Amino acid sequence: MLRTKIKQLLRAEAPCSQVLIKGWVKTRRDSKGFSFIELNDGSCLPNIQVIVDQTLDNYPQIAKITTGSALSIQGRLIESKGQEQKWEIQATAVDIIQLAPENYPLQKKRHSDEFLRTIAHLRPRTNKYGAAFRIRAALSWAVHHFFQERGFLYVHTPILTGSDCEGAGELFQVTTLDLASLCASSTQGVDYTKDFFGKMANLTVSGQLSAEMLALALGDVYTFGPTFRAENSNTSRHAAEFWMVEPEMAFCDLTDNMALAESFLKYLVEYALAHCAEDLALFSRFVDKQLPFTLEKIRSAEFIKISYQEAIEILIGSGMAFEFPVAFGNDLQSEHERYLTEQYFQKPVIIYNYPQNSKPFYMRLNDDGQTVAAMDMLVPGIGEIIGGSQREERLEILTARMDQAGLPREKYEWYLDSRRYGSVPHSGFGLGFERLIMLITGISNIRDVIPFPRTPKNIEF
RNA sequence: UCCCCAGUAGCUCAGUCGGCAGAGCAGGUGGCUGUUAACCACCGUGUCCGCGGUUCGAGUCCGUGCUGGGGAGCCA
């Protein structure tokens with residue numbers, strides 16, 4: 001007999017005379033002459049209640065079943081006599097796949113997120129983390145849906161990269177050289193010709209430059225993959241390994257780029273509301289009571305779009321005593337971004353046209369000669385969730401900006417070729433996938449939205 | 001990397017002015033019961049994060065290290 005997922009049984013419309021379920025015990029309670037087992041198989045948040053009568057010949061063993069044990073149960077799906085569930089299983093056979101010892105770390109109570117991080121290999125079995133990872137899976141699928149519906153091609157850009165200055169942060173170096181002997185013997189520089197690629201190699205910090213090449217051939221493309229930053233960032237919003245979604249569109253300016261970013265975020269929120277209601281309800285109840293309000297606002301409100309100049313004027317006019325001074329040319333600090341999105345507008349805000357000196361070389365210089373066609377989307381509680389720009393398509397200006405930034409032109413000849421042969425206006429952005437999951441679940445720490453987080457000094461599991 | 005806070009039973013936490021180490025949950029035993037993180041009674045549980053110092057006496061005060069958390073910077 002094939003096993004049926006618990007999710008399917010809980011949605012049943014009629015009783016069923018014989019079913020097989022397999023899963024892990026959430027809790028067991030005894031009653032006179034029988035035992036209640038709550039079984040969960042990860043397919044959905046609720047458990048299914050199983051009634052085990054003492055007439056089963058292995059009932060003495062069944063009565064000893066502990067939380068965390070793995071079971072295979074055959075029985076009848078019947079209407080429950082209890083108040084809190086429609087369906088339950090009347091067991092005809094209970095096979096103990098493995099009995100969990102009593103030192104099973106997950107108890108029938110609330111654990112702190114800090115403790116659960118120390119048992120990241122077991123926390124997917126908790127209600128909260130199970131729900132978070134189901135939502136993560138659903139939203140991964142939604143990302144593909146959104147772009148596929150719009151004719152974007154899903155492209156794969158390299159994880160290993162030879163360009164040592166993509167400019168988006170500190171890099172993890174990749175090597176097959178024996179570091180132990182290098183450290184012991186070498187007093188001069190490393191001879192990279194002996195390394196695997198014959199030159200220095202790193203893990204990617206962004207697929208953008210490669211994605212641009214594909215967009216300039218295929219039109220509209222997107223990447224969705226892991227990204228690595230070796231920044232020593234110790235915050236609730238940064239991970240050394242995270243997943244990023246990066247669309248890149250040919251014949252697309254900053255206005256269209258911002259419009260796509262807004263539709264994208266709205267689509268993802270709507271998708272979660274439509275497909276993950278049960279799991280989301282857990283987060284609204286136990287994690288963030290404001291969550292339904294936040295999500296509804298993103299779904300229905302038009303996002304604010306203001307220039308950097310306007311943002312500065314609002315901040316100066318706010319009368320707020322900021323720790324960092326507000327002035328044109330200064331970077332917007334966290335406190336400024338939070339004020340704009342959490343207090344002043346209380347919804348997502350896209351800020352565009354930043355001063356060129358604070359942004360990377362590939363962003364398109366505006367006609368004012370001062371600003372670039374960059375945009376950041378800020379959301380309440382998280383801050384920056386999307387960063388993007390129209391790319392500089394004019395060869396002379398691009399090379400001038402590279403020189404300005406001190407980037408060696410010869411290493412970017414392949415990139416510059418795209419500006420030599422049929423260069424066109426194009427744009428794109430990057431969405432931090434973990435930050436999206438944080439926004440949609442209300443989970444406030446990035447370490448809790450990815451199964452096995454990698455942060456400075458932490459690569460356990 | 002910088003600033004602030006914390007570290008006590010398997011877990012969550014209390015511990016007053018420096019004076020015998022505590023509770024709830026989990027676990028064990030018994031009872032009751034179509035129960036809902038069941039309930040009732042009883043039972044066990046400690047490197048008080050490590051090292052050093054002050055003191056008759058330190059979980060408590062001081063120094064230092066480690067670990068965790070919050071905030072900042074960097075960014076998605």
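Please read these numbers as outputs of a predicted model, since none were measured by experiment. In what follows, chains carry the letters A, B, and so on, assigned in the order in which the sequence lines appear, proteins first and then strands, with residues in each chain numbered from 1.
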Atom-to-atom span, [atom1] of [X] to [atom2] of [N] - whole angstrom:
X	N	atom1	atom2	value
A:R229	B:U1	CZ	P	20 Å
A:D376	B:C75	CG	P	10 Å
A:M375	B:A76	CE	P	11 Å
A:I446	B:C75	CD1	C1'	10 Å
A:L265	B:A76	CG	P	16 Å
A:E246	B:A76	CD	P	9 Å
A:W87	B:G34	CH2	P	23 Å
A:E88	B:G34	CD	P	13 Å

Cationic tip of A:R29 within the cone over A:F36's six-membered ring, i.e. under 6.0 Å and within 45° of the normal? yes
Taking the side chain of [X] as heavy atoms from C-beta outward, which of [options] is closest to it?
X	options	result
A:K81	B:G34, B:U12, B:A72	B:G34
A:H111	B:U35, B:C11, B:A76	B:C11
A:N234	B:U12, B:U1, B:G68	B:U1
A:I51	B:A76, B:G34, B:U1	B:G34
A:F36	B:U35, B:U36, B:G73	B:U35

Categorize [X] for me: base, sugar-phosphate, or nothing, with a 4.0 angstrom heavy-atom threshold over every strand shown.
X	result
A:F115	sugar-phosphate
A:F433	nothing
A:G430	sugar-phosphate
A:S80	base
A:E335	nothing
A:I382	nothing

Minimum heavy-atom separation for A:P456 to A:E231, with atom names? CG-O, 4.1 Å
Heavy-atom nearest pair, A:C276 first then A:A138, reads SG-CB, 3.6 Å
For B:G27, the Watson-Crick or wobble partner whose two distances fall under 3.5 Å: B:C43
Is [X] close enough to [N] that one of its side-chain N or O atoms is under 4.0 Å from OP1 or OP2 there?
X	N	result
A:R29	B:G34	no
A:S233	B:C74	no
A:Q333	B:G73	yes
A:T27	B:A38	yes
A:S334	B:G73	yes
A:R117	B:G69	yes
A:S31	B:G34	yes
A:N445	B:G70	yes
A:S236	B:G71	yes

Say we look at B:C48 and B:A9: how far apart would their C1' atoms be, to the nearest angstrom? 10 Å
Counting only distance, no hydrogens or angles, is the base of [N] paired donor-acceptor with the side chain of [X] under 3.5 Å?
X	N	answer
A:Q85	B:U35	yes
A:D30	B:U35	no
A:Q49	B:U35	yes

I'd like to know if A:D448 pairs up with A:K128 as an ion pair, taking the criterion as any Lys NZ or Arg NE/NH1/NH2 lying under 4.0 Å from an Asp or Glu carboxylate oxygen. no
Which one of A:Y267, A:Y222, A:F152, A:Y271 satisfies the ring-ring contact (aromatic ring centres under 6.0 Å, His included) criterion with A:H144? A:Y222
Output field: ring centroids A:F303/A:F345 closer than 6.0 Å: no
Judged by modelled atom types alone, do A:R28 and A:S35 share a side-chain donor-acceptor pair under 3.5 Å? yes
Comparing nearest nucleotides in RNA chain B, the 5'-proximal residue of the pair A:E38, A:D331 is A:E38
